[in-house]
Amino acid sequence: MIRYTPQDFKSDQEVKWCPGCGNHFILNAVTKALPEVAEALNYQHQRFTFVSGIGCSSRFPYYVHTYGFHGIHGRAAAIATGVKVANPTLSVWEVTGDGDALAIGGNHFIHAIRRNIDINIMLFNNQIYGLTKGQYSPTSPLGKVTKTSPYGTVEHPFAPGEIVLGARGTFFARTIDVDVNLTKDCLVAAAKNDGASVVEILQNCVIFNDKAYDSFLNKEVREDMTIVLKHGEPMIFGKNRDKGLILDGLKLKVVKIGENGITRADILVHDATEPNPGIHMMLVNMKAPEMPVALGVIRAVKDHTYDDQVRDQLIEVRMRAKIFNMEQLLHSGETWEVK
Amino acid sequence: MQQTKDVVIRFSGDSGDGMQLTGTLFSDTSALGGNSIATFPDFPAEIRAPQGTMAGVSGFQVHIGSEKVLTSGDYCDLLVAMNPVALRANRKWLKKGATVIVDADSFTEAAVKRAGFQTLDPFAELGIADYNIVRAPISSMTKDALAETGLDPKAANKCKNMFALGVCFCLYDMPLDHTENYLRRKFAKKPAVADANVLALKAGYNYASNTHIFTTTYQVPAAKLPKGTYRTISGNVAMAWGLMAASEKSGRPLFCGSYPITPATAILEELAKRKDLGVKTLQVEDEIAGICTAIGASFAGNMGVTTTSGPGLSLKSEALGLAVMTELPLVVIDVQRGGPSTGLPTKTEQADLYQALWGRNGECPLVVMAACTPSGCFDAAFRAAKIAMEHMTPVVLLSDGYIANGSEAWRIPSMNDYPEIHPPVVTERPDGGFLPYVRDEKRLARSWALPGSPGCEHRLGGLEKQDCVGCLSHDPQNHQKMVNLRAEKVARVADFIPEQEVYGDKSGDLLVVGWGGTFGQLRSAVDVMRQEGKHVSHCHFSYINPLPKGVEKIFSKFKKIVVCELNMGQFADYLRMNFQSFTYLQYNKVQGLPFTVAELTDCFRTLLDDNK
């Protein structure tokens with residue numbers, strides 16, 4: 001078996017993202033993740049295929065040395081679906097942004113998830129349109145002032161995780177651009193999950209929406225305002241690892257271990273494999289500063305994949321087929337002779 | 001009994017009366033008896049519109065002949081009208097003196113008024129009182145015939161179409177066994193229903209035979225058709241099979257991403273059945289996903305196909321540009337219907353030609369072809385897929401509602417008669433360094449390196465690419481070069497298709513020019529003229545872009561050229577653009593209906609008279 005290094009997945013193309021753009025970190029995480037994926041799943045280099053839509057994020061395929069397809073705006077999920085069904089042995093990665101996946105491509109996004117086609121969807125969420133130079137996106141917060149909303153937006157944003165769960169998604173993870181290792185871990189987990197695996201990457205656009213996530217991601221507060229979830233481990237977070245989540249009635253609540261008689265044993269244990277999306281939905285929706293923003297693999301549930309079922313149905317029908325080629329088909333059914 | 005060369009029969013009733021099935025069984029029986037046949041269903045856009053109203057009338061026309069019939073016929077010799085509104089809706093399709101069989105039970109005062117008649121004598125009102133009107137109490141006789149079966153009245157009433165069919169079989173001296181066998185198969189799990197239908201069929205036949213309702217019965221002798229094995233086939237099924245044949249010949253699996261749309265849906269339905277032959281079909285979330293999944297599948301090495309009609313082609317425009325830019329094989333089948341917008345979904349038209357040729361941003365040429373007859377859809381789809389794969393280009397193949405839903409007898413070809421297909425597939429490049437935009441010299445097609453192949457990693461996309469290398473390039477000279485190359489690649493397809501042909505004399509007074517699904521009517525009309533001794537020939541196009549070679553040579557030998565099409569003159573304009581030295585007369589119609597042979601011959605006669 002060949003062992004790959006990140007270098008094997010770096011392309012010879014000049015990377016043209018702005019200096020300081022979060023995408024540089026993500027590219028770094030991907031080239032680190034792919035050798036791990038190849039090793040874990042016994043994939044050869046030529047099986048990796050990246051498909052993207054349009055936007056800053058979607059230039060990604062040019063910057064990895066794999067098969068790549070830079071599509072049109074919003075359609076990456078549809079193109080990736082075609083690739084995967086046509087050749088299910090490929091490891092298909094979709095790279096998309098908040099505008100690409102949730103505005104113009106919203107329909108393809110939800111249906112790819114609903115079908116549970118085995119592709120890995122990297123959703124770069126910077127809450128802004130970058131490549132068109134700074135207009136609000138479907139994830140821009142209410143009231144956001146941008147070039148096309150000079151008086152602030154008057155529309156509610158989407159929460160990508162909510163859409164994924166609402167579309168019956170089997171896998172959702174959230175990470176941040178600057179945490180290369182966490183991103184890498186999420187991507188490897190996504191690749192190992194059979195089905196449509198969505199990884200939302202909170203990504204900073206230094207030019208048009210700098211510090212969009214600063215209120216909870218700056219180094220001073222990050223550990224107290226985020227929680228990295230791990231399957232089977234208690235939901236503990238904070239600089240001093242002394243805060244945790246419990247279920248209080250129908251809601252999640254932050255508690256301090258050691259106060260009011262709370263011990264580690266009272267803290268909820270994360271179960272990413274629970275089919276009921278109830279707790280996952282609550283975790284996805286946690287907002288700073290009241291609650292920590294959830295990171296890591298929030299949901300990873302086993303279910304049939306679309307491509308497997310397409311393949312199985314083909315095999316099953318062919319097993320009991322009576323027609324094996326065109327010549328037979330042409331002569332099937334009612335025919336008659338003219339002499 | 002009288003022998004006749006050909007007859008046209010129209011079955012008409014409420015949608016839900018089973019008129020499509022009745023017509024199909026009649027045409028199948030004729031075909032099995034050796035007649036040449038062509039059929040056309042004429043159904044409303046609504047599934048079950050209110051009974052007894054114009055909106056709900058569903059019809060099926062059959063043309064059977066002892067010589068090759070090329071159309072489903074202009075006007076009918078026999079109309080079967082199951083109710084007053086069906087009679088009213090089809091008055092315009094009656095030949096003078098035609099036979100009209102009506103279900104007399106349905107001609108109640110209320111139904112006649114509801115159908116919009118002013119008086120209680122619809123026949124006089126329509127001016128057909130002197131036609132051969134057969135008032136048969138079809139409903140009540142069906143009920144009586146089934147009285148002892150124990151079938152509930154509603155189910156029994158559903159058998160009246162078989163009673164009517166039995167009457168027609170008697171009139172044309174045709175056997176009942178095919179229909180009986182069909183009914184026994186169809187209702188294998190409901191033998192009581194099968195028995196009832198067969199009983200109704202026989203009751204109808206016996207009624208007509210015993211009561212001598214027809215003064216004369218007719219027989220259409222078997223046609224002298226070329227030897228071989230025959231079957232009936234509709235345009236949409238032939239289209240699906242042609243794609244599958246190309247997949248088999250090329251070794252590339254067939255993938256169809258599509259979204260249901262009238263009148264193209266039956267292609268997707270047929271392909272979805274054919275998992276036994278490895279066809280992959282995805283019914284996706286919208287038209288755009290249809291073409292985008294097909295493009296993705298082509299990138300991954302399948303023969304990607306998407307099927308649609310006009311509004312869907314509009315939605316696919318941007319992605320078609322992507323397929324042009326990425327130079328991947330793709331077949332887009334557009335079964336044209338009446339437009340614009342939602343237009344006339346169940347009616348036929350040829351008005352998507354401009355859209356197919358030019359409906360994209362940028363300099364965006366692709367191959368445009370047209371299918372001409374229902375069975376001809378097989379060859380057209382095969383050739384479209386062959387060109388798409390061997391020339392690495394998207395192909396738009398235009399069909400239309402008339403040939404898609406129409407069916408005809410088809411001499412089954414042998415797959416050995418079809419050419420090999422050699423797509424430029426690359427599956428390994430051990431040393432790496434695959435260059436995606438290097439082209440073969442003859443066709444200018446680039447190679448098709450399949451993801452999963454070692455050493456061939458490459459990137460495709462909608463941004464302009466550097467010649468040969470395939471990296472992004474904004475270089476002005478490179479863009480010019482790539483635009484030229486993509487245009488030249490499509491133009492060179494003309495080197496690989498047959499020269500344009502002309503039917504009839506190579507020179508004369510009038511050349512009738514058409515394209516696509518009007519073939520049958522135009523050829524029939526030209527035959528009529530030629531039998532009258534007129535110097536009229538027919539030049540019919542199935543390759544639109546690029547146009548075949550030899551067109552100017554043909555055009556230059558005729559005093560007049562008339563371009564006939566079911567639009568306002570799109571192909572005529574296209575010919576003006578390509579061959580400017582000729583004068584093009586036009587005959588156009590946009591009524592959602594095919595041409596009639598009669599209106600065409602009238603037009604041709606007028607044009608010839610003007611010569612004098």
Side-chain angles (χ1 to χ4, degrees), chain A residues 11-13 44-52 54 59 61-62 65-87 89-90 107-108 110-111 310 313-314 316-318 320-327 329-339, chain B residues 28 31-32 34 178 225-232 241 244-245 248 253 255 257 274-278 280 282 284-286 288-289 292-302 304 318-319 321-322 326 411-415 450-463 471-472:
Chain A
S11 88
D12 57 358
Q13 299 294 298
Q44 286 179 302
H45 190 275
Q46 62 266 22
R47 283 169 72 166
F48 291 100
T49 304
F50 278 72
V51 178
S52 66
I54 292 292
R59 296 297 177 96
Y62 296 112
H65 176 56
T66 65
Y67 283 94
F69 197 98
H70 181 205
I72 44 177
H73 203 15
R75 318 303 169 201
I79 296 167
T81 297
V83 171
K84 184 68 185 180
V85 172
N87 184 352
T89 68
L90 298 174
N107 201 25
H108 311 305
I110 56 173
H111 286 282
V310 168
Q313 204 173 50
L314 280 167
E316 189 192 315
V317 173
R318 284 169 115 164
R320 48 188 169 80
K322 296 191 177 79
I323 290 168
F324 300 98
N325 57 46
M326 276 312 294
E327 202 77 50
L329 178 64
L330 290 170
H331 288 270
S332 65
E334 196 114 43
T335 64
W336 67 96
E337 294 294 324
V338 171
K339 285 169 190 150
Chain B
D28 285 355
L32 287 167
H178 168 71
L225 298 168
K227 275 184 199 169
T229 309
Y230 282 70
R231 65 175 306 127
T232 57
W241 288 12
M244 290 160 56
E248 185 176 279
F255 176 103
R274 298 269 69 104
K275 291 190 168 53
D276 48 2
L277 294 178
K280 293 175 202 169
L282 264 66
V284 284
E285 56 272 17
D286 58 29
I288 299 172
C292 285
T293 51
I295 290 171
S298 279
F299 173 57
N302 283 192
E318 188 197 10
L322 178 67
T326 51
R411 190 163 71 94
I412 301 171
S414 163
M415 284 311 298
L450 313 186
S453 310
C456 297
E457 284 87 342
H458 66 282
R459 267 70 53 195
L460 299 178
L463 284 167
C471 301
L472 299 190

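Remember, it's a predicted structure, so these values are computed and weren't measured experimentally. Lettering follows sequence order; numbering is per chain, from 1. In what follows, every heavy atom counts, from backbone to side chain, and hydrogens, waters and symmetry copies are set aside.
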* Asked: Are Y67(A) and H458(B) close enough, and set up right, to give a side-chain contact (heavy atoms from CB on, under 4.5 Å), and what steps lead you there?
  -> CA-CA 5 Å; Y67(A) 283 94; H458(B) 66 282; 3.6 Å; yes
* Engaged part of I412(B) at the chain A interface, taking heavy atoms whose separation is under 4.5 Å -> side chain
* For R411(B), is it the side chain, the backbone, both, or neither that has a heavy atom closer than 4.5 Å to a heavy atom of chain A? -> neither
* Counting only N and O atoms by type, is there a donor-acceptor contact under 3.5 Å from the side chain of R47(A) to the main-chain atoms of P451(B)? -> no
* Shortest non-hydrogen separation from L225(B) to V338(A) and the atoms involved -> O-CG1, 3.4 Å
* Step-by-step side-chain contact (heavy atoms from CB on, under 4.5 Å) determination, V85(A) to T293(B) -> CA-CA 9 Å; V85(A) 172; T293(B) 51; over 6 Å; no
* Is it the backbone or the side chain of A294(B) that comes under 4.5 Å from a heavy atom of chain A, or both, or neither? -> neither
* **Student check: side-chain heavy atoms of T81(A) and L282(B) closer than 4.5 Å** => yes
* Y62(A) to L460(B) - nearest heavy-atom pair and separation -> OH-O, 4.5 Å
* **Heavy-atom pair count under 4.5 Å with chain B, highest-scoring of I110(A), N87(A), L90(A)** => L90(A)
* Asked: In terms of heavy-atom proximity below 4.5 Å to chain A, should T326(B) be classed as side chain, backbone, both, or neither?
  -> side chain
* Structure fact -> So, the part of F255(B) with a heavy atom under 4.5 Å from chain A: the answer is side chain
* **Heavy-atom closest pair, residues K275(B) and R318(A)** => O-CG, 3.4 Å
* Name the option with the most non-hydrogen atom pairs under 4.5 Å to chain B; the candidates are A321(A), A76(A), S332(A), A80(A). => S332(A)
* **Atom group of P253(B) that falls short of 4.5 Å from chain A, counting heavy atoms** => neither
* Taking all heavy atoms of E457(B) and all of Q46(A), pick out the closest pair and write down the distance. => OE2-CA, 3.4 Å
* Are the side chain of W241(B) and the backbone of L330(A) linked by a donor-acceptor contact shorter than 3.5 Å? -> no
* Asked: Are the side chains of I323(A) and R274(B) in touch, meaning some heavy atoms are under 4.5 Å apart?
  -> yes
* Asked: Contact part of E248(B) toward chain A, heavy-atom cut-off under 4.5 Å: side chain, backbone, both or neither?
  -> side chain
* Derivation of the side-chain contact (heavy atoms from CB on, under 4.5 Å) call for I288(B) and H108(A) -> CA-CA 9 Å; I288(B) 299 172; H108(A) 311 305; 4.1 Å; yes
